[in-house]
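Just below is one structure, and these are the notes that go with it.
If you're wondering where the values come from, they're calculated on a predicted model, not measured in any experiment.
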Amino acid sequence: METYTPKQIAKALNVSTTTLRRYEEQELIPAVPRTKSNRRFYTTIHFQAFAAIRALLRGYDIPVVYEVMRMIKNARFEEALWLVNEQQYYIQVEKQRVEEILTMLQNADFTQYNNVKFKEYMSIGEAAKIAGVNTSAIRHWEKMSLIHLERNKENGYRMVSISQLRRILVISSLRKTVYYIENMKRLLNNLDTQNYEKNERSFQLALENLSNQLLLQLKGITELIKYINFYQEINS
């Protein structure tokens, strides 16, 4: 049985031994044996587990990766694979969403989205449902001065106009690729002045990032399948 020290695996995967220890403490890998002198050492299955974690983290969120690895540790292989598959569904939905809003921009058609016709004014709940976000997100964007909502004079409730809903749709589509508030404000100003060319480039970048994320997810799945096969083989 081939064995490795923490330093050997850390060097091979370009991480710190502290990172390996954290994965171990989070119970993401099989139980780690120790020498007679109580020093921990890793075997090939640990190496593959660490390799799978590092590969998965490039394409998936940390909570998802941790849950998948814990499932495998407990021999819940099918659940782990379905969870990974679910994440790929979400990225497909995100891609479709970005493409649809990009088409709206290109056609300058802001009368409906997802077969829902826009009203002159909508409630924050209606706007959130159309954009596929939480109302708390819209309130946050208002606080950051990315959108400006009017108030109903009779009841004081927020009202979302079509122009502000258009902003909300753009923010919700680009929030994962436009990280700085000032950059987002610039894009929204371009939207207001109908300078769509620069915004279209941002949407194209968003699509490129999603494609890159999909590729990283597939590479992570490759390492994950190796780990599952190895795990099943030594425990059969």
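Counted by atom type alone, Y42 and E24 present one or more donor-acceptor pairs between their side chains at under 3.5 Å.
Remark: side-chain polar atoms of R76 are not paired, donor with acceptor, to backbone N or O of R70 under 3.5 angstrom. Formation of a donor-acceptor pair under 3.5 Å by the E150 side chain with backbone atoms of M159 is not found in this model. Checking side-chain atoms of E223 against main-chain N and O of I53 turns up no donor-acceptor pair under 3.5 Å. Panel note: side chain R167, backbone L146; a donor-acceptor pair is recorded below 3.5 Å. When atom types are taken as modelled, the side chain of E142 and the backbone of I147 share no donor-acceptor pair closer than 3.5 angstrom.
In this structure, P6 and R21 have side chains that are not in contact, with every pair of non-hydrogen atoms separated by 4.5 Å or more. Considering only heavy atoms from C-beta on, R166 stays 4.5 Å or farther from I162 through its side chain. Under the 4.5 Å side-chain criterion, counting only non-hydrogen atoms from C-beta, S123 is not in contact with Y157. You'll find the side chain of L81 reaches within 4.5 Å of the side chain of I225, heavy atoms only. I221 places a side-chain heavy atom less than 4.5 Å from the side chain of Y60. Put simply, the side chain of Q204 reaches to within 4.5 Å of the side chain of L207, judged on heavy atoms. Side-chain atoms of Y4 and T44, non-hydrogen and from C-beta on, do get closer than 4.5 Å to each other. Put simply, the side chain of I228 reaches to within 4.5 Å of the side chain of L224, judged on heavy atoms.
Atoms CZ and OG1, on R40 and T5 in that order, are 12.0 Å from each other to the nearest 0.5 Å. In this structure, the separation between CD on Q164 and CD1 on I171 is 8.5 Å, given to the nearest 0.5 Å. In this structure, the separation between CD on Q87 and CD on Q217 is 7.5 Å, given to the nearest 0.5 Å. Rounding to the nearest 0.5 Å places CG of N134 at 12.5 Å from NE2 of H140. To the nearest 0.5 Å, atom CG of residue L165 and atom CE of residue M122 are 4.5 Å apart. In this structure, CD1 in I72 is found 10.0 Å from CG in L83, a value given to the nearest 0.5 Å.
Scanning all heavy atoms of the two residues, the minimum distance from T135 to G125 falls at CG2-CA, 4.0 Å. Between P33 and H46 the shortest heavy-atom distance is CD-CE1, 3.7 Å. Taking every heavy atom of both residues into account, L20 and A10 meet most closely at CD1-N, 3.7 Å. Pairing each heavy atom of A131 with each of L169, the nearest pair is CA-CD2, 3.8 Å. Minimum interatomic distance between V98 and A206 (heavy atoms only, all atoms of both residues): CG1-CB, 4.2 Å. Nearest approach of L102 to F203, heavy atoms of both residues: CD1-CB, 3.8 Å.
W141 and Y121 fall into different hydrophobic clusters, where Ile, Leu, Val, Met, Phe, Trp and Tyr residues are linked whenever their side-chain heavy atoms come under 4.5 Å apart, directly or through other members. When the side chains of ILVMFWY residues are joined at heavy-atom separations under 4.5 Å, either directly or via intervening members, V68 and L218 end up in a single hydrophobic cluster. Both I138 and F118 belong to a common hydrophobic cluster when Ile, Leu, Val, Met, Phe, Trp and Tyr are linked at side-chain heavy-atom distances under 4.5 angstrom. Note on Y66: it does not cluster hydrophobically with W82, by side-chain heavy-atom contacts below 4.5 Å among ILVMFWY residues.
Relative ring orientation between F50 and Y23 is described as tilted, the plane-to-plane angle lying within the 30° to 60° band. Using the six-membered ring where Trp is involved, Y227 and Y231 have ring planes that are perpendicular, over 60° apart on the 30 and 60° scheme.
Under the 4.5 angstrom side-chain criterion for Ile, Leu, Val, Met, Phe, Trp and Tyr, L215 has no cluster partners at all.
Within a 6.0 Å radius of CG in N14, no more than 12 heavy atoms belonging to other residues, nucleotides or ligands are found. Within 6.0 Å of CD in E27 there are 12 or fewer heavy atoms belonging to other residues, nucleotides or ligands. Counting non-hydrogen atoms of neighbouring residues, nucleotides and ligands closer than 6.0 angstrom, the CZ atom of R151 exceeds 12 such neighbours. Counted within 6.0 Å of CD1 on I62, heavy atoms from surrounding residues, nucleotides or ligands total 12 or fewer; the atom is thus considered open.
Evaluated for a side-chain hydrogen bond (donor to acceptor under 3.5 Å, both in side chains) with E99, the options R97, Q96, K95 yield exactly one hit, K95. Exactly one of Q92, Q88, E86 qualifies for a side-chain hydrogen bond (donor to acceptor under 3.5 Å, both in side chains) with Y90. That residue is E86.
Between K129 and E126, none of the side-chain N atoms (NZ, or NE/NH1/NH2) sits under 4.0 Å from a carboxylate O, so this pair counts as no salt bridge.
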Practice prompt. Carefully, step by step, assess E25 and R22 under the rule salt bridge (Lys or Arg N to Asp or Glu O under 4.0 Å).
Written response: CA-CA 5 Å; E25 290 171 350; R22 183 171 69 251; over 6 Å; no
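Under the rule for a side chain to side chain donor-acceptor pair (under 3.5 Å), K73 has no partner lying at least two apart in sequence or in another chain.
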